[in-house]
There are 2 protein chains.
Amino acid sequence: MNKKYKNALFTLQNAGLSKTPQRIAVLTSLLEATTPLSVRDISQTLAAKARIDRVTIYRILSLFKQHGIAREIASSGGTNYFEMASLENPVHPHFNCRNCGELSCMEPLTFSQSRQLISSQEDYSVDHIEINISGLCAVCRNATKLQKQQNKQV
Amino acid sequence: MNKKYKNALFTLQNAGLSKTPQRIAVLTSLLEATTPLSVRDISQTLAAKARIDRVTIYRILSLFKQHGIAREIASSGGTNYFEMASLENPVHPHFNCRNCGELSCMEPLTFSQSRQLISSQEDYSVDHIEINISGLCAVCRNATKLQKQQNKQV
DNA sequence: TAATTGTTGCAACTCTGTTGCATTATTGAT
DNA sequence: ATCAATAATGCAACAGAGTTGCAACAATTA
């Protein structure tokens with residue numbers, strides 16, 4: 001879609017990143033996707049259009065994460081998934097089917113709301129709910145603070 | 001601890017699983033742990049006491065999961081972690097430090113409660129909250145139902 | 001004791017993700 | 001538009017997680 005392409009250009013421009021064909025292609029994939037994508041998904045999708053190395057995709061996604069453009073989702077299958085991180089696409093729960101492996105997005109409700117929603121739907125069968133929070137633990141946070149102070153003194 | 005050992009024996013007995021030294025060792029590790037353990041953690045812990053192959057640990061943990069004895073936690077680092085799944089240790093959020101990588105357990109509150117708790121604590125610095133729900137999606141659930149019906153007819 | 005079944009260890013493999021380095025593309029100044 | 005400086009890409013090689021097949025071993029039963 002031309003609209004997604006323009007959106008991709010604008011997003012890169014806005015983040016101050018250079019607009020290479022590879023970055024535009026990866027970003028367009030994420031914008032067009034209805035579910036989070038793995039590196040493999042992106043690689044296969046783009047294989048027909050252009051030749052992009054696996055490594056390049058990893059590096060681009062890492063860059064997007066740093067700039068708050070994309071979000072990473074861990075899955076127990078050992079593969080990580082990526083989705084757009086924007087105001088239109090706020091943080092939301094994900095559903096991982098243990099049978100087909102597909103990762104889909106759920107409505108951005110609170111945890112308790114989501115839980116109620118799922119249990120009230122006949123369609124889904126829930127095995128397990130996982131809440132993972134990432135950041136800095138107390139020890140590392142203090143260590144970081146200390147480092148900053150020392151740097152100021154030097 | 002002798003108590004943990006007895007607990008391990010009881011748990012295996014209760015699940016109808018044979019009480020092999022390897023299973024007892026892995027189960028004891030999980031019972032003694034204060035944080036979820038990776039296969040590597042377990043392997044290193046048990047290396048001094050007994051020689052257990054990596055593969056055996058994977059198989060035992062897979063078995064424990066099937067019997068509801070253990071629970072698996074995905075992490076974005078590519079490594080999965082395991083913890084006891086019991087009434088004394090209900091499902092709870094986990095905190096993953098992006099600096100030291102340690103995975104720790106949080107109080108088993110609801111998501112909104114946890115979020116408030118974290119943001120009120122000066123110690124933690126939260127980057128990202130992930131809610132992953134696993135089970136069967138609508139398509140796979142219907143497919144499974146259909147299979148069961150067909151099996152009955154045959 | 002022999003046969004059957006279940007469990008483990010070993011080797012080899014797949015897949016995800018990373019790193020170093022040479023090559024190529026992008027950007028900004030002329 | 002051209003060219004140099006810089007940034008980004010592709011390739012090869014690697015490390016680690018997790019899996020599979022198979023032979024050896026242990027436990028159980030007849």
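These figures come from a predicted structure and were not determined experimentally.
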Chemist: What is the distance, to the nearest angstrom, from the CG atom on L17(A) to the C1' atom on dT6(D)?
Modeler: 15 Å
Chemist: Any N or O donor-acceptor pair linking the side chain of R54(A) to the base of dG17(C) at under 3.5 Å?
Modeler: yes
Chemist: Quickly work out the L63(A) CG to dG17(C) C1' distance and round it to whole Å.
Modeler: 17 Å
Chemist: Under 4.0 Å between a side-chain N or O of T20(A) and OP1 or OP2 of dT9(D)?
Modeler: yes
Chemist: Can you figure out which of dT18(C), dG9(C), dT9(D) approaches the side chain of R23(A) most closely?
Modeler: dT9(D)
Chemist: At their closest point, which heavy atom of L37(A) faces which heavy atom of S29(A), and how far apart are they?
Modeler: CD1-O, 3.7 Å
Chemist: Any chance the side chains of N89(B) and S86(B) put a donor and an acceptor closer than 3.5 Å?
Modeler: no
Chemist: Atom CG of L61(B) to atom C1' of dT8(C): distance rounded to whole Å?
Modeler: 15 Å
Chemist: How many Å lie between CD on E72(B) and C1' on dT19(D), as a whole number?
Modeler: 13 Å
Chemist: Using heavy-atom distances to pick each residue's nearest nucleotide on DNA chain C, tell me which of T56(B) and G78(A) is more 5'.
Modeler: T56(B)
Chemist: Give a yes or no on whether a donor-acceptor pair under 3.5 Å exists between the nucleobase atoms of dG9(C), that is its base, and the side chain of R59(B).
Modeler: yes
Chemist: Any donor-acceptor pair under 3.5 Å linking the side-chain atoms of T11(A) with those of N14(A)?
Modeler: no
Chemist: If I take atom CD1 in residue I57(B) and atom P in nucleotide dT8(C), what distance separates them, rounded to the nearest angstrom?
Modeler: 11 Å
Chemist: Respond yes when some side-chain nitrogen or oxygen of N80(B) is under 4.0 Å from OP1 or OP2 of dA17(D), and no when none is.
Modeler: no
Chemist: In whole Å, I'd like the distance from the CD atom of Q13(A) to the P atom of dT27(C).
Modeler: 10 Å
Chemist: Among dG18(D), dT16(C), dT26(C), which is the nearest nucleotide to the side chain of Y58(A)?
Modeler: dT16(C)
Chemist: Within this structure, what is the CG-to-P distance between D53(A) and dA22(C), rounded to whole angstrom?
Modeler: 17 Å
Chemist: Quick check on dA17(D): is either OP1 or OP2 less than 4.0 Å from any side-chain nitrogen or oxygen of S38(B)?
Modeler: no
Chemist: Salt-bridged, K4(B) to E32(B), with N to O below 4.0 Å?
Modeler: no
Chemist: Could you give the NE2-to-P distance, from H67(A) to dA8(D), as a whole number of Å?
Modeler: 9 Å
Chemist: Does a nitrogen or oxygen in the side chain of Q22(A) sit under 4.0 Å from OP1 or OP2 of dA25(C)?
Modeler: no
Chemist: So which one's nearest nucleotide on DNA chain C is more toward 5', S76(B) or P21(B)?
Modeler: P21(B)
Chemist: From the list dT8(C), dG18(D), dT16(C), which nucleotide is the closest neighbour of the side chain of I60(B)?
Modeler: dT8(C)
Chemist: Please state whether the phosphate of dA8(D), meaning OP1 or OP2, lies under 4.0 angstrom from any side-chain nitrogen or oxygen of S18(A).
Modeler: yes
